[in-house]
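The first residue in the sequence is number 1, and the count goes up from there. All values reported here derive from a predicted model rather than from experimental measurement.
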Amino acid sequence: MMQAEAPGPGGPFPLGHQEHQTPDFELTLPARAENVAVVRHAFGGLGEALAVPDHALADVKLAVTEACTNVVVHAYGENEGPMAVSAELRDGRLTVVVADEGRGILPRPDSPGLGLGLPLIATLAESLELGTGEGDETEVRMTFVLDGPPEADAPAATESGLA
């Protein structure tokens, strides 16, 4: 099957150009501050289920928290709308998409933040892409390399007497 080539980091990506696959994880919640913690907690559970090393899981959780916070602060202004989060694990890479149906990524002179969210995500993730879908939804797509736990750190069940 031919895979579509994605543009470089930071470049826009047309959703129609990408192959549609069912994500391994999907969650849609109202874009409220308290739901950022819900998403962060859900990724903690996902990371544990996938045996993601602690250092990689910390990066994923921080980046996802930043992306979701951007939705809460910037997407809808005084209104409320959906915040959709999905994740897909393929070939040792976790791709996370945070999407909203808001006004897109626009500068806000009254923003309560310092404007460091996207640069922080770019530092934590292997790649960061910002895009707009066919329905004008804004998406932040982050990809993380998930290193397996070092073999020396994985205790064997027989050594501890457990079978």
Side-chain angles (χ1 to χ4, degrees), residues 4 6-50 52-90 92-146:
F13 54 91
L15 292 179
H17 185 68
Q18 304 228 343
E19 248 181 68
H20 179 70
Q21 295 180 353
T22 303
D24 297 314
F25 171 88
E26 288 185 288
L27 182 63
T28 301
L29 298 166
R32 292 187 212 133
E34 62 269 20
N35 287 335
V36 174
V38 172
V39 173
R40 183 178 177 87
H41 185 71
F43 269 86
L46 179 66
E48 286 179 25
L50 297 175
V52 176
D54 289 343
H55 70 279
L57 182 56
D59 288 351
V60 170
K61 288 169 51 178
L62 180 55
V64 169
T65 298
E66 288 295 326
C68 289
T69 299
N70 280 346
V71 172
V72 170
V73 172
H74 299 288
Y76 301 105
E78 296 300 315
N79 300 315
E80 190 174 286
M83 172 174 62
V85 183
S86 63
E88 183 176 299
L89 180 62
R90 299 286 180 268
R93 286 180 163 67
L94 182 69
T95 300
V96 179
V97 178
V98 176
D100 66 71
E101 298 172 2
R103 59 185 176 190
I105 299 173
L106 301 171
R108 270 185 59 187
D110 65 332
S111 176
L114 297 174
L116 301 176
L118 290 176
L120 176 61
I121 294 169
T123 300
L124 297 169
E126 177 188 37
S127 68
L128 169 65
E129 299 174 66
L130 308 175
T132 303
E134 291 176 12
D136 287 334
E137 65 274 9
T138 300
E139 288 193 357
V140 175
R141 181 179 306 263
M142 306 163 271
T143 303
F144 303 88
V145 175
L146 303 182

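For the atom pair Leu94 CG and Glu126 CD, the distance stands at 11.5 Å (nearest 0.5 Å). Note that CD of Glu101 and CG of Asn79 are 13.0 Å apart. Values are rounded to the nearest 0.5 Å. To the nearest 0.5 angstrom, His74 atom NE2 is 9.0 Å from Thr69 atom OG1. Note that CZ of Arg90 is 12.5 Å distant from OG1 of Thr143, once rounded to the nearest 0.5 Å. Atoms CG and NE2, on Leu46 and His41 in that order, are 12.0 Å from each other to the nearest 0.5 Å. Atom CG of Leu118 sits about 6.0 Å away from atom CG of Leu128, to the nearest 0.5 Å.
The heavy-atom pair separating Val72 from Ala33 by the smallest distance is CG1-N, 3.7 Å. Residue Met83 comes nearest to Pro30 through the heavy atom pair CE-O, 4.2 Å, listed as atom of the first residue, atom of the second, then distance. Minimum interatomic distance between Glu139 and Ala99 (heavy atoms only, all atoms of both residues): CG-CB, 3.7 Å. Leu57 and Gly47 get closest at one heavy-atom pair: CD1-CA, 3.7 Å.
Of the residues Asn70, Thr138, Val71, the one that meets the side chain to side chain contact (heavy atoms under 4.5 Å, CB included) test with Val98 is Val71.
Side-chain contact between Phe144 and Val52: absent, with no pair of heavy atoms (C-beta onward) separated by less than 4.5 Å. At least one side-chain heavy atom of Leu89 sits less than 4.5 Å from a side-chain heavy atom of Leu50. Contact annotation: the side chain of Cys68 never approaches that of Asn35 to less than 4.5 Å [non-hydrogen atoms, C-beta and beyond]. Between Val140 and Glu66, the closest side-chain pair of non-hydrogen atoms is not below 4.5 Å. Looking at heavy atoms from C-beta onward, Met142 lies in side-chain contact with Val64 at the 4.5 angstrom threshold. Under the 4.5 Å side-chain criterion, counting only non-hydrogen atoms from C-beta, Leu124 is not in contact with Ile121.
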key: Residues Arg141, Val97; criterion side chain to side chain contact (heavy atoms under 4.5 Å, CB included); working and verdict   = CA-CA 4 Å; Arg141 181 179 306 263; Val97 178; 3.7 Å; yes
